[in-house]
Structure formats: C-alpha cells, structure tokens
Amino acid sequence: MPAAALALLALFACSPPFPRQLLDQTDRGVAFADVAKNAESMKGKLVMLGGTIVETRNLKEGTQIEVLQKPLDGQGRPYLTDETQGRFLVVTPQFLDNAVYHRGRNITVIAEISGRRTQKLGEIDYPYPLLLAKAIHLWDPYAGSRFSVGVGVGVFHGY
C-alpha cells in the first residue's frame, strides 16, 4: 500500500466521529474543570466532552443524560479509567431510548454550554454543567484490541 494511502487511512482512523464542520467550531482546548467551575460565564461556547452514562431520563421536552465525565482520547472516546472531574447533563429535544442510552455506556457529545442546573445527587444538591447537544456519539462497548499479530493457530471470537 502506498505511503500516502496509509497516511490517509491513519488520519481517518484517528479522527473523532463528528462532522468536520462541527469539529471546526468546537473549542477542544476547554478543560472540563473550567466548564464545571465557570459554566455560567461560558454560555454559548461549543465543547466536546464525554464519559460514562449514569442515567438517561425521557422528559416531555426531550431527553436528559447524566454523564460521569472522563478524559477523551484523540478520537474523542472516553478512556477506560476511574479518573473523573465530576458530572454533567446533556439535553436534547430528541427522544433517545434509555434502553440504548443506558447506564454504563460511553458517550461523547459536542454541545453548547447552557449554564448550570442544580439537581439532587443522593442527598446533596449538585451543580451540574448543562449542555445542549449538537451531536452525540454512543460508543460500542470496548472489547479490547481488534488488531493482533501472531503466529500459530487461533480462534477469533469477534466480540
């Protein structure tokens, strides 16, 4: 395979699963800690955040997803880590079935910061950054590396 084709394949393999035009409008340099601390003053800014779904609620006006924030890799996929800087809420006017968008699934969003919404988290009032979804990507469950090199006989289970 020519080097140019390999470079092109690598570029597409490592790019986030969002339209280029939307990515170009997104400020990827904004840290979640800044959003959590300054959500009100950052209203209108477009950011990419992700993590693990804690709860999905279907409301009259659409769907609200509570996400436990996780750092993102170069593709925008949340790392498989316990590292987190808090939680955030994503709202969309779309109906998203909570049987699909369920607890434990990894999600990445490009969303507009809308401010803050305080809700109960256990027995405390928790100030969630509130995001209006522009694009949502639900990741397939991670089943380990899909590429391997070896010698001998083996069985591929394809999970």
Side-chain angles (χ1 to χ4, degrees), residues 11-147 157-159:
L11 175 67
F12 285 111
C14 295
S15 64
F18 297 105
R20 173 62 44 205
Q21 181 180 1
L22 192 57
L23 285 169
D24 290 344
Q25 298 171 28
T26 303
D27 188 344
R28 301 264 325 253
V30 173
F32 178 75
D34 294 331
V35 176
K37 187 187 303 183
N38 305 308
E40 291 297 329
S41 65
M42 298 177 81
K43 282 183 181 180
K45 186 173 281 286
L46 213 55
V47 295
M48 178 188 290
L49 295 174
T52 304
I53 296 175
V54 175
E55 181 182 28
T56 300
R57 294 179 59 211
N58 293 303
L59 310 169
K60 283 188 278 188
E61 58 276 358
T63 303
Q64 174 183 287
I65 304 171
E66 180 180 346
V67 180
L68 179 66
Q69 181 272 340
K70 302 280 180 88
L72 304 178
D73 68 14
Q75 288 184 299
R77 184 183 191 123
Y79 281 109
L80 299 175
T81 178
D82 289 334
E83 180 185 336
T84 182
Q85 295 181 340
R87 297 178 181 213
F88 62 92
L89 297 174
V90 178
V91 295
T92 177
Q94 297 175 294
F95 168 79
L96 301 177
D97 196 314
N98 57 9
V100 176
Y101 290 79
H102 60 79
R103 180 182 188 90
R105 292 289 303 266
N106 283 337
I107 190 171
T108 302
V109 300
I110 292 181
E112 179 183 330
I113 300 171
S114 177
R116 186 177 318 281
R117 178 180 288 171
T118 300
Q119 290 186 181
K120 287 286 188 191
L121 177 57
E123 295 185 14
I124 65 167
D125 290 329
Y126 190 88
Y128 292 88
L130 182 63
L131 307 174
L132 304 177
K134 300 296 180 190
I136 297 174
H137 185 79
L138 188 63
W139 295 93
D140 290 333
Y142 183 74
S145 177
R146 296 185 187 269
F147 179 81
H157 296 284
Y159 338 130

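All values below come from the heavy atoms of this structure, side chains included, with hydrogens, waters and symmetry mates left out. Here, residue 1 is the first one in the sequence, and each next residue gets the next number.
- Contacts of R116 classified as salt bridge (Lys or Arg N to Asp or Glu O under 4.0 Å), with partners at least two apart in sequence or in another chain: none.
- The heavy-atom pair separating A135 from F18 by the smallest distance is CB-CD2, 3.6 Å.
- Once rounded to the nearest 0.5 Å, the distance linking CG of L130 with CD of E40 reads 9.0 Å.
- Remark: R117 CZ to E66 CD distance equals 11.5 Å, nearest 0.5 Å.
- Across all non-hydrogen atoms, the minimal contact from T118 to P127 is OG1-CA, 4.0 Å.
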Item to complete: Could you go through the side-chain contact (heavy atoms from CB on, under 4.5 Å) check for R105 and T52 one step at a time?
Response: CA-CA 6 Å; R105 292 289 303 266; T52 304; over 6 Å; no
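- Ring pair F88/F32 is tilted by interplanar angle, where 30° to 60° counts as tilted.
- Atom CG of residue L22 and atom NZ of residue K134 lie 9.0 Å apart, to the nearest 0.5 angstrom.
- The shortest heavy-atom contact between V35 and P129 is CG1-CB, 3.9 Å.
- Expressed to the nearest 0.5 Å, how far CG of D82 lies from NZ of K70 amounts to 6.0 Å.
- A side-chain hydrogen bond (donor to acceptor under 3.5 Å, both in side chains) with T63 is found for one member of T56, N98, N58, D97 and no other, namely N58.
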Worksheet item: side-chain contact (heavy atoms from CB on, under 4.5 Å) between M42 and V47: does it pass, once the steps are laid out?
Response: CA-CA 10 Å; M42 298 177 81; V47 295; 5.5 Å; no
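- Closest non-hydrogen pair, G74 versus R28, comes out as O-NH2, 4.1 Å.
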Practice prompt. For the pair Q119 and L89, evaluate side-chain contact (heavy atoms from CB on, under 4.5 Å) and give the outcome as yes or no after the intermediate values.
Written response: CA-CA 10 Å; Q119 290 186 181; L89 297 174; 3.6 Å; yes
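- By the ring-ring contact (aromatic ring centres under 6.0 Å, His included) test, Y126 is found to be paired with Y128, residues two or more places apart in sequence or in another chain being considered.
- Between R103 and V54, the closest heavy-atom pair is NH1-O, 3.1 Å.
- Here the shortest heavy-atom pairing between T108 and P78 reads OG1-CD, 3.5 Å.
- The structure places CG of L49 at 11.0 Å from CD1 of I107, a figure rounded to the nearest 0.5 Å.
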Discussion item. Apply side-chain contact (heavy atoms from CB on, under 4.5 Å) to residues V91 and L132 and explain how you reach the verdict.
Written reply: CA-CA 5 Å; V91 295; L132 304 177; 3.2 Å; yes
